[in-house]
S.K.: 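Okay, handing you the structure first.
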Amino acid sequence: MALLSTQNKLRTLVPNFTFNLGFSGKFYHTGTDEEDEGDDMLLKHRKEFWWFPHMWSHMQPHLFHNVTVLAEQMKLNKQFAVEHGIPTDLGYAVAPHHSGVYPVHTQLYEAWKSVWSIQVTSTEEYPHLRPARYRRGFIHNGIMVLPRQTCGLFTHTIFYNEYPGGSKELDKSIRGGELFLTVLLNPISIFMTHLSNYGNDRLGLYTFESLVKFVQCWTNLRLQTLPPVQLAKKYFEIFPQEKNPLWQNPCDDKRHKDIWSKEKTCDRLPKFLIVGPQKTGTTAVHFFLTMHPAVTSNFPSPSTFEEIQFFNGPNYHKGIDW
């Protein structure tokens, strides 16, 4: 009820404001009596919210190497949604722990499209820049990936007086600090928090209500909410140059290695690349290097010879797995 009450309050400040709730159906009615009652309360008011599918059991998609098995997990969640009347036609999904979105796990994108007709997702992991307001979007395999910002609320930040650095740190972020700057400097902001931030001391509700009021008090910004697909189209209208992804080496970032498929290995990526335009001696450099017994080159192509043609052709959009 606190979630619904705050949503109604925020709607008086932000036209069309709607919480977008993620669900993993396997965990329905697996908590305490009070938590199960909360499940039922959410479902009773299900049409008041937007909804998106997590994984059925909140497992990380990159652990599934077979697209059929991954799709079966998604179908279980879809069946749960149908049985409980959860509307899930927004074309938006989020993978648990950012898994599979970036670094890209091809099976996730394929399963999302086949089971849920997903058009949009979001992540904090591309590119993994700090502060989060510098992160950008990209489009892969027909799915628009929007940058998600951070708001200072995580699984462990559930009590006001136990906030890291003290409650004043949260208030500072809202009142002119990092969270305020994120909204000020990004025309589109997406935040994701956990249900535990809305129970306990209601930190999620406090944070966003305070943020909206502060923004409206001290700026001339007009805040509004759009459904995910419309939001994504608007984003890439504003930032068309971001459509092409910037592939980075997952082995350079510990967080990326953690959410990269265990079937993939850093040993398969090239140790170095020779880059150069025509007639600058790259073929000769390639020839002399491959004479060394410790150097192996990519396989030659009948059309491009020793050149892999990754960065300047359609192969780039196949991703680093290719």
Side-chain angles (χ1 to χ4, degrees), residues 10 14 17 19-20 22 52 54 60 92-104 120-140 143-158 163-165 167-198 203-212 214-215 218-219 221 223-226 228 231-232 234-236 238-239 241-250 252-260:
L10 286 171
V14 183
F17 179 85
F19 283 116
N20 200 340
F52 68 85
H54 254 10
Q60 297 176 312
Y92 177 69
V94 172
H97 316 291
H98 303 275
S99 160
V101 178
Y102 189 88
V104 163
V120 189
T121 185
S122 61
T123 183
E124 293 168 20
E125 297 305 319
Y126 169 85
H128 203 189
L129 300 175
R130 297 178 188 281
R133 62 176 184 266
Y134 293 125
R135 292 170 190 165
R136 297 293 177 254
F138 70 103
I139 300 176
H140 180 66
I143 292 179
M144 297 175 279
V145 181
L146 296 181
R148 234 165 45 218
Q149 286 81 31
T150 50
C151 60
L153 299 180
F154 305 98
T155 47
H156 60 281
T157 47
I158 56 178
Y163 190 85
S167 57
K168 286 183 179 177
E169 284 299 310
L170 177 61
D171 290 335
K172 194 196 316 182
S173 179
I174 294 167
R175 295 168 189 159
E178 184 56 38
L179 184 51
F180 170 74
L181 288 174
T182 296
V183 173
L184 185 70
L185 300 175
N186 280 297
I188 291 174
S189 291
I190 298 172
F191 298 105
M192 187 172 184
T193 56
H194 302 82
L195 204 57
S196 53
N197 304 128
Y198 293 87
L203 271 196
L205 307 175
Y206 168 80
T207 298
F208 290 107
E209 198 176 329
S210 302
L211 175 66
V212 169
F214 188 85
V215 167
W218 293 99
T219 77
L221 293 179
L223 304 178
Q224 60 176 314
T225 302
L226 286 176
L231 191 70
K234 177 64 71 177
Y235 183 90
F236 287 106
I238 299 171
F239 302 110
Q241 73 280 7
E242 291 182 17
K243 291 180 180 179
N244 292 332
L246 295 174
W247 302 129
Q248 300 165 70
N249 184 350
D252 290 342
D253 186 315
K254 182 185 181 304
R255 170 67 174 153
H256 285 171
K257 279 185 77 172
D258 289 343
I259 55 175
W260 202 33

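Given the structure is predicted, the values throughout are model-derived calculations rather than measurements.
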S.K.: Does the side chain of Y198 reach to within under 4.5 Å of the side chain of L203, using non-hydrogen atoms?
M.R.: no
S.K.: Does the pair Y134 and N186 meet the rule for a side-chain hydrogen bond (donor to acceptor under 3.5 Å, both in side chains), with working shown?
M.R.: CA-CA 9 Å; Y134 293 125; N186 280 297; over 6 Å; no
S.K.: Under a 3.5 Å distance rule, please check whether Q149 uses its side chain to pair with a backbone N or O of I190 as donor and acceptor.
M.R.: yes
S.K.: Under the side chain to side chain contact (heavy atoms under 4.5 Å, CB included) rule, what do V120 and I143 come out as? Steps first, then yes or no, please.
M.R.: CA-CA 5 Å; V120 189; I143 292 179; 5.8 Å; no
S.K.: Can E242 and Y235 be counted as having a side-chain donor-acceptor contact under 3.5 angstrom?
M.R.: yes
S.K.: Using salt bridge (charged side-chain N to carboxylate O under 4.0 Å, His left out) as the criterion, list what pairs up with K234, not counting sequence neighbours.
M.R.: E237
S.K.: Just checking, any donor-acceptor pair under 3.5 angstrom between side chains of Y92 and T121?
M.R.: no
S.K.: Restricting to non-hydrogen atoms, name the atom on V183 and the atom on S189 that form the minimum distance, rounded to 0.1 Å.
M.R.: CA-OG, 4.0 Å
S.K.: According to the salt bridge (Lys or Arg N to Asp or Glu O under 4.0 Å) rule, which pairs have a member within residues 176-190, sequence neighbours left out?
M.R.: R133-E178
S.K.: Any chance you could lay out the side chain to side chain contact (heavy atoms under 4.5 Å, CB included) test for M192 and V94, step after step, and finish with the verdict?
M.R.: CA-CA 10 Å; M192 187 172 184; V94 172; 3.8 Å; yes
S.K.: List the residues meeting side chain to side chain contact (heavy atoms under 4.5 Å, CB included) with N244, not counting sequence neighbours, and say none if there are none.
M.R.: H317
S.K.: Evaluate H54 against F52 for ring pair (Phe, Tyr, Trp, His ring centres under 6.0 Å), listing each step before the verdict.
M.R.: CA-CA 7 Å; H54 254 10; F52 68 85; 5.5 Å; yes
S.K.: For the residue pair Y102 and H140, is the inter-centroid distance of their aromatic rings smaller than 6.0 Å?
M.R.: no
S.K.: Could you work out, with side chain to side chain contact (heavy atoms under 4.5 Å, CB included) as the rule, every residue matching A95, not counting sequence neighbours?
M.R.: P61, V101, L108, W112
S.K.: Could you walk me through whether F17 and F19 pass the ring pair (Phe, Tyr, Trp, His ring centres under 6.0 Å) check?
M.R.: CA-CA 7 Å; F17 179 85; F19 283 116; 5.0 Å; yes
S.K.: Can you tell me if H98 and T123 form a side-chain donor-acceptor pair at under 3.5 Å?
M.R.: yes
S.K.: Taking ring pair (Phe, Tyr, Trp, His ring centres under 6.0 Å) as the test, write out the residues that go with F236, two or more places apart.
M.R.: none
S.K.: Could you check T157 against N197 for side chain to side chain contact (heavy atoms under 4.5 Å, CB included), going step by step and ending with a plain yes or no?
M.R.: CA-CA 7 Å; T157 47; N197 304 128; 3.7 Å; yes
S.K.: Output yes when a side-chain donor or acceptor of R148 lies under 3.5 Å from a complementary backbone atom of F191, and no otherwise.
M.R.: no
S.K.: Less than 4.5 Å apart, any side-chain heavy atom of H128 and any of R135?
M.R.: yes
S.K.: Kindly assign one of parallel, tilted or perpendicular to the pair W218 and F214, based on the angle between their ring planes and the thresholds 30° and 60°.
M.R.: tilted
S.K.: List for me each residue that meets side chain to side chain donor-acceptor pair (under 3.5 Å) alongside K254, sequence neighbours excluded, and say none if there are none.
M.R.: D258
